[in-house]
There are 2 protein chains.
Amino acid sequence: MSLQTLKQQALANPQVREEYNKLENEFSLIDQLLSMRSTAGLTQAQVAEKMGTQKSNISRLEKGSSNPSWKTLLNYAQACGFQLAIKATKVS
Amino acid sequence: MSLQTLKQQALANPQVREEYNKLENEFSLIDQLLSMRSTAGLTQAQVAEKMGTQKSNISRLEKGSSNPSWKTLLNYAQACGFQLAIKATKVS
DNA sequence: ATTAAAGTTATCCTTTATGATAACCACCAA
DNA sequence: TTGGTGGTTATCATAAAGGATAACTTTAAT
């Protein structure tokens with residue numbers, strides 16, 4: 001059995017799929033944060049300053065070890081010169 | 001001077017515009033939550049049950065008086081049968 | 001090899017989001 | 001009018017987010 005089919009079977013389980021989807025979303029969230037800041041050409045310290053906080057907090061945010069609030073996401077995006085919206089897509 | 005031009009002038013101020021953008025985003029967030037649940041045809045109590053919480057908390061969430069965490073948004077979306085992503089668009 | 005800048009990690013403290021419960025309002029059907 | 005359903009509000013307790021500071025690692029430049 002290949003890894004692919006193993007993954008398929010695992011994802012056939014609705015419970016597993018839910019967790020998987022959540023993980024995917026978390027990954028993409030962090031990716032988006034990083035990509036916003038890098039295309040803005042800003043350092044963590046610069047973003048922190050614009051947000052009125054500390055660079056260590058930005059690092060914590062970007063390392064994915066936390067669970068940011070919506071307002072924090074908005075502020076971060078704004079500091080990087082972006083506007084934010086959520087995209088909801090029907091699943092299953 | 002018309003209301004329109006007054007608004008334009010106000011929005012010409014970067015600080016004002018930042019706040020305005022944040023508000024717009026907050027509105028659209030709540031709209032999306034409501035729309036997810038209504039297209040799913042679920043009651044607050046049903047969503048609450050799927051999320052493992054209480055209907056009063058769902059109400060609080062939807063009334064916009066709070067600032068939900070990303071995971072809370074993911075859970076809510078999932079309970080309504082949606083997947084979530086953030087869309088970042090360059091501004092100004 | 002040194003230095004400086006960028007990023008990471010740990011810790012403490014304060015604020016706030018979230019869970020839980022209970023009482024309430026609005027509406028509609030029986 | 002009564003009962004049921006969907007939604008709201010208030011309050012409390014607890015878990016967790018976010019701010020601040022400091023020490024540390026990594027990386028890049030000279």
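Bear in mind that the values here come from a model prediction, so they are computed numbers and not experimental data. Numbered from 1 within each chain, the chains take letters A, B, ... in sequence-line order.
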Are there any protein N/O atoms within less than 3.5 Å of an N/O atom in nucleotides 25-30 of chain D, and if so, which ones and at what distance?
none

| Candidates D:dT9, C:dA6, C:dT9 - which lies nearest the side chain of A:Thr43 | C:dA6
| task | Using whole Å, report how far CD of B:Glu62 lies from P of D:dT9. | result | 12 Å
| request: Under the side chain to side chain contact (heavy atoms under 4.5 Å, CB included) rule, what do A:Tyr76 and A:Leu33 come out as? Steps first, then yes or no, please. | output: CA-CA 8 Å; A:Tyr76 181 98; A:Leu33 295 185; 3.6 Å; yes
| message | In this structure, how many angstroms lie between the P atom of D:dA17 and the CH2 atom of A:Trp70, rounded? | response | 17 Å
| Do any pairs count as a salt bridge (Lys or Arg N to Asp or Glu O under 4.0 Å) and have a residue in residues 72-91 of chain A, sequence neighbours left out, and if so which ones? | none
| Quick one: which of C:dT18, C:dT9, D:dT8 gets closest to the side chain of B:Pro68? | C:dT18
| message | Please enumerate all residues that pass side-chain hydrogen bond (donor to acceptor under 3.5 Å, both in side chains) together with B:Ser56, with sequence neighbours excluded. | response | none
| query | Counting distance only, does the side-chain N/O of A:Asn67 pair as donor-acceptor with the main-chain N or O of B:Lys71 below 3.5 Å? | reply | yes
| said: When you measure only distances, ignoring hydrogens and angles, does the side chain of B:Arg60 come within 3.5 Å of the base of C:dG19 through a donor and an acceptor? | reply: yes
| query | So do A:Ile86 and A:Trp70 actually touch side chain to side chain, heavy atoms under 4.5 Å? | reply | yes
| CG-CD1 distance between B:Leu61 and B:Ile30, expressed to the nearest 0.5 angstrom | 8.5 Å
| task | Could you check how far CG of A:Leu42 sits from P of C:dA6, rounded to whole Å? | result | 11 Å
Dump every N/O contact between nucleotides 21-26 of chain C and the protein below 3.5 Å, one line per pair.
residue : atom : partner : partner atom : Å
C:dT21  : O4   : B:Ser56 : OG           : 2.8

| request: Using atom CG of A:Asn75 as one end and atom C1' of D:dG19 as the other, report the distance to the nearest whole Å. | output: 13 Å
| Protein-nucleotide distance (A:Leu33, atom CG; C:dG7, atom P), rounded to Å | 14 Å
| query | Starting at CG of B:Leu61 and ending at C1' of C:dA17, how long is that distance when rounded to a whole Å? | reply | 10 Å
| Angle of first-five versus last-five pair axes in the helix from C:dA1-D:dT30 to C:dA30-D:dT1, to 10 degrees | 40°
| Got a sec, which residues hit side-chain contact (heavy atoms from CB on, under 4.5 Å) with A:Lys63, two or more places apart in sequence or on another chain? | A:Ser59, A:Ser65
| note | Against the side chain of A:Asn67, the closest entry in C:dT8, D:dG7, D:dA17 is D:dA17
| Between A:Leu73 and A:Leu29, is any pair of side-chain heavy atoms under 4.5 Å apart? | yes
| Taking only side-chain nitrogens and oxygens of B:Thr72, does any of them come within less than 4.0 Å of OP1 or OP2 of C:dT18? | yes
| What nucleic acid atoms does A:Ser69 come within less than 4.0 Å of, heavy atoms only: base, sugar-phosphate, or nothing? | sugar-phosphate
| Tell me, which of residues 45-53 of chain A have any heavy atom that sits under 4.0 Å from an atom in DNA chain D? | A:Gly52, A:Thr53
| request: Mind checking the CG-CZ spacing from A:Asn57 to A:Arg60? Nearest 0.5 Å is all I need. | output: 4.5 Å
Less than 3.5 Å apart, which donor and acceptor atoms pair up between the side chains of residues 37-52 of chain B and the rest of the protein, not counting sequence neighbours?
residue : atom : partner : partner atom : Å
B:Arg37 : NE   : B:Glu62 : OE2          : 2.6
B:Arg37 : NH1  : B:Leu42 : O            : 3.0
B:Arg37 : NH2  : B:Glu62 : OE1          : 3.0
B:Ser38 : OG   : B:Ser35 : O            : 3.4
B:Thr39 : OG1  : B:Ser35 : O            : 3.3
B:Thr39 : OG1  : B:Met36 : O            : 3.2
B:Thr43 : OG1  : B:Ala45 : N            : 3.4
B:Thr43 : OG1  : B:Gln46 : N            : 3.1
B:Thr43 : OG1  : B:Gln46 : OE1          : 3.4
B:Gln44 : NE2  : B:Glu62 : OE1          : 3.0
B:Gln46 : OE1  : B:Thr43 : N            : 2.8

| query | Roughly how many Å is it from OH in A:Tyr76 to C1' in D:dG18, rounded to a whole number? | reply | 16 Å
| request: Round to the nearest Å and state the distance from A:Lys63 atom NZ to D:dG18 atom C1'. | output: 19 Å
